[in-house]
Visitor: 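Take this structure, written in structure tokens, and hold onto it; I'll ask about it next.
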Amino acid sequence: MKIFLDTASVSEIKTANDIIPLDGVTTNPTLIMKEGKDYVKTLKEITKIVNGPISAEPVSLDAEGMVKEGKEFAKLHKNIVIKVPMTPEGMKACKVLSKDGIKVNTTLVFSANQALLAAKAGTYFVSPFLGRLDDIGEKGMDLVKEIKEIYDNYGFKTKILAASIRSTTHVKEAALIGADIATIPFKVYESMFNHALTDKGIKQFLDDWDTLQKELKNK
Ligand code: G3P
């Protein structure tokens with residue numbers, strides 16, 4: 001499974017990418033608002049760090065506006081992917097952008113039928129929002145399973161991008177189901193490295209090493 005970072009923070013992206021090269025990045029208006037920086041400048045910076053798909057999200061609600069904004073974003077770098085919402089206008093924009101060779105990430109997907117329609121519109125990525133479904137008492141991960149089954153049934157090439165990830169358990173379950181990508185907030189990414197037994201093991205090795213050095217000195 002590919003790992004994207006779900007952030008518009010250049011410093012988070014640099015930090016993560018220095019550990020293991022990231023497969024991609026997803027951004028949205030909320031994430032860029034948190035950074036309080038210019039969207040285009042930030043996207044350009046990200047393209048210099050990560051060699052993989054970088055999602056940028058227009059704010060127009062009509063297809064024409066989404067296509068116009070999307071084409072401007074796409075000019076920034078070959079790796080820019082355009083996010084469109086799962087609406088009829090979004091799907092019209094998806095069709096036009098995809099025909100123009102611009103990859104589309106259909107976002108705000110909350111049902112299997114939405115994912116089916118997005119695949120038929122030619123979207124390159126589909127983004128089921130797991131955490132937000134969990135928030136309203138549904139099981140976000142069931143949606144990933146359903147999309148995987150439907151896409152496998154009909155051989156759709158659309159990549160399943162598990163989004164709105166809130167925990168390391170989400171990441172693991174998405175991988176077990178066979179999602180193509182998980183886009184992960186930095187905090188969750190950091191947590192994936194942790195295990196109490198790893199820390200305990202390192203401490204034990206260092207303590208034993210110190211003990212040996214003391215023994216050798218006293219010989
Ligand atoms: O990639 C989509 C993601 O940013 C949404 O996450 O936590 O706002 O539901 P969240």
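What you see is a predicted model, and the numbers here were worked out from it, not measured in a lab. Note that ligands are numbered from 1 as they come in the structure, with each ligand's atoms numbered from 1 the same way.
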Visitor: For A163, counting its heavy atoms only, list the atoms of ligand 1 lying under 4.0 Å from any of them.
Guide: 1 (O), 2 (C)
Visitor: Are D152 and K148 close enough for a salt bridge, meaning some N to O gap below 4.0 Å?
Guide: yes
Visitor: Does the Lys NZ or Arg CZ of K103 fall within the cation-pi geometry relative to Y124 - under 6.0 Å from the ring centre and within 45° of the axis?
Guide: yes
Visitor: Assess the residue pair D18 and K14 against the criterion (salt bridge (Lys or Arg N to Asp or Glu O under 4.0 Å)); give the C-alpha distance rounded to whole Å, side-chain angles, the decisive distance to 0.1 Å, and a yes or no.
Guide: CA-CA 6 Å; D18 277 351; K14 272 188 188 150; over 6 Å; no
Visitor: Note the single closest protein heavy atom to atom 8 (O) of ligand 1, along with its residue, its atom name and the distance in Å.
Guide: R132 NH2, 2.7 Å
Visitor: Which protein non-hydrogen atom lies closest to atom 6 (O) of ligand 1, naming both residue and atom, and how far is it?
Guide: S164 CA, 3.4 Å
Visitor: Check the pair T26, S55 against side chain to side chain donor-acceptor pair (under 3.5 Å), reporting the backbone distance first and the verdict last.
Guide: CA-CA 5 Å; T26 50; S55 289; 5.9 Å; no
Visitor: Hey, is N28 touching ligand 1 through its side chain, its backbone, both or neither, going by heavy atoms under 4.0 Å?
Guide: side chain
Visitor: How far is atom 2 (C) of ligand 1 from its nearest protein heavy atom, and which residue and atom is that?
Guide: F129 CZ, 3.3 Å
Visitor: Are K48 and E45 within salt-bridge range, i.e. N to O under 4.0 Å?
Guide: no
Visitor: Please write down residue, atom name and distance for the protein heavy atom closest to atom 7 (O) of ligand 1.
Guide: R166 NE, 3.2 Å
Visitor: Do me a favour and list the nearest non-hydrogen protein atom to atom 1 (O) of ligand 1 with residue, atom name and distance?
Guide: D6 OD1, 3.1 Å
Visitor: Is the number of heavy atoms from other residues, nucleotides or ligands within 6.0 Å of NZ (K37) greater than 12?
Guide: yes
